[in-house]
Amino acid sequence: MSDTRKPPPPPAPHFLWRVPEGDTTARHVCGRCGHIHYANPKIVVGSVVTHEDRILLCRRAIEPRKNYWTLPAGYLEEHETPQDGARREAREEACAAIVIDALLAVYAVAHISQVQLIYRATLAAAEFSPGPESLEVKLFAWNDIPWTELAFPSVKWALDHFRQAQGLAVFAPFGNPSDSP
């Protein structure tokens with residue numbers, strides 16, 4: 001199978017797009033020292049956060065999907081555990097302290113090279129407010145969730161999976177729904 005990806009811009013002037021020795025995929029390789037630059041998927045971490053049977057959602061203040069509702073989630077930082085990243089994202093987007101219960105789901109969003117780790121969590125205290133990336137933060141009863149205003153398909157997946165796992169102390173993490181791209 002041939003690699004038909006369009007090569008991204010090189011990380012530095014001396015990098016060439018080629019298949020390194022012992023590999024099967026084209027990558028940027030330094031023409032001087034042979035260093036291989038690996039471009040890997042981004043990891044997104046977030047949580048379905050609840051308080052008294054209501055779900056915390058954030059209305060995005062930034063693109064993509066500004067003004068749409070999402071879970072507190074974002075990119076994992078270097079040298080950070082996924083759980084610490086999910087807690088940080090809740091602090092940054094909702095000024096909320098959370099207690100993580102379990103890994104709810106792992107989603108592969110291949111067309112944008114993302115792997116999403118979504119946790120099930122509760123608010124440590126009933127205190128939250130919009131952070132710099134959120135216009136509004138609100139607790140929703142299940143029937144009041146603005147389903148047509150959710151920012152991304154994976155937000156709906158996570159909410160649906162949360163509902164399926166509700167009341168279960170132990171469950172296997174969910175994955176992409178079978179009808180997802």
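Every value quoted in this text rests on a predicted model; they were computed, and no experiment measured them.
Rounding to the nearest 0.5 Å places NZ of Lys66 at 12.0 Å from CZ of Arg59. Here the straight-line distance linking atom OG1 of Thr25 with atom OH of Tyr38 works out to 9.5 Å at 0.5 Å rounding. Leu139 contributes atom CG, which lies 9.0 Å from atom OG1 of Thr50 (distance to the nearest 0.5 angstrom). Considering CD1 of Ile62 and OG of Ser134, their distance stands at 8.0 Å, rounded to 0.5 Å. Rounding to the nearest 0.5 angstrom, the gap separating the CH2 atom in Trp17 from the NE2 atom in His37 is 9.0 Å.
With hydrogens and angles ignored, the 3.5 Å screen pairs a side-chain donor or acceptor of Asn176 with a backbone N or O of Ala108. A donor-acceptor pair under 3.5 Å is absent between the side-chain atoms of Arg120 and the main chain of Ala102, judged by distance alone. The backbone N or O of Ala151 lies less than 3.5 Å from a partner atom in the side chain of Arg65, making a donor-acceptor pair.
Under the side-chain contact (heavy atoms from CB on, under 4.5 Å) criterion, Val109 pairs with His111, Ile112, Gln114, Gln116, sequence neighbours left out.
Both Phe152 and Trp147 sit in one connected hydrophobic cluster of ILVMFWY residues. Membership requires side-chain heavy atoms under 4.5 Å apart, directly or through other members. When hydrophobic clusters are built by joining Ile, Leu, Val, Met, Phe, Trp and Tyr residues whose side-chain heavy atoms come closer than 4.5 Å, directly or via intermediates, Tyr107 is grouped together with Val48. Note on Leu150 and Val137: separate hydrophobic clusters, where clusters join Ile, Leu, Val, Met, Phe, Trp and Tyr whose side-chain heavy atoms are under 4.5 Å apart, directly or indirectly. Following chains of ILVMFWY side-chain contacts shorter than 4.5 Å, one can reach Val49 starting from Val106, so the two form part of one hydrophobic cluster.
Looking only at side-chain heavy atoms (C-beta outward), Phe128 and Cys95 stay at 4.5 Å or farther from each other. Side-chain contact between Leu56 and Leu123: present, with at least one pair of heavy atoms (C-beta onward) separated by less than 4.5 Å. Between Ile98 and Ile100 the shortest side-chain heavy-atom distance falls below 4.5 Å. Side-chain contact check for Ile55 versus Trp142: some heavy-atom pair is nearer than 4.5 Å.
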Walk me through whether Ile145 and Leu159 qualify under side-chain contact (heavy atoms from CB on, under 4.5 Å).
CA-CA 10 Å; Ile145 292 172; Leu159 292 170; 4.2 Å; yes
Run the numbers on Leu57 and Thr70 for side-chain contact (heavy atoms from CB on, under 4.5 Å), then give the verdict.
CA-CA 6 Å; Leu57 294 177; Thr70 190; over 6 Å; no
Can you check side-chain contact (heavy atoms from CB on, under 4.5 Å) on Phe162 and Ile118, steps first, answer last?
CA-CA 10 Å; Phe162 169 81; Ile118 306 297; over 6 Å; no
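No more than 12 heavy-atom neighbours from other residues, nucleotides or ligands sit within 6.0 angstrom of CD on Glu21. A 6.0 Å sphere centred on CG of Asp53 holds no more than 12 heavy atoms belonging to other residues, nucleotides or ligands.
Ala61 and Pro132 get closest at one heavy-atom pair: CB-O, 4.0 Å. Residue Ala165 comes nearest to Leu104 through the heavy atom pair CB-CD1, 4.2 Å, listed as atom of the first residue, atom of the second, then distance.
Screening Val44, Ile43, Val45 for a side-chain contact (heavy atoms from CB on, under 4.5 Å) involving Pro82 leaves a single residue, Val45.
Within the structure, side chain to side chain donor-acceptor pair (under 3.5 Å) contacts touching residues 82-91 (residues at least two apart or in different chains) are Glu80-Arg88, Thr81-Asp84, Asp84-Arg87, Arg88-Glu92. Applying the ring-ring contact (aromatic ring centres under 6.0 Å, His included) rule to pairs touching residues 54-106 yields Trp69-Phe140, sequence neighbours excluded.
Taking 4.0 Å as the cut-off between side-chain N and carboxylate O, Glu93 and Arg60 do not count as a salt-bridged pair.
Taking the centre of each ring, His161 and Phe171 stay at or above the 6.0 Å mark.
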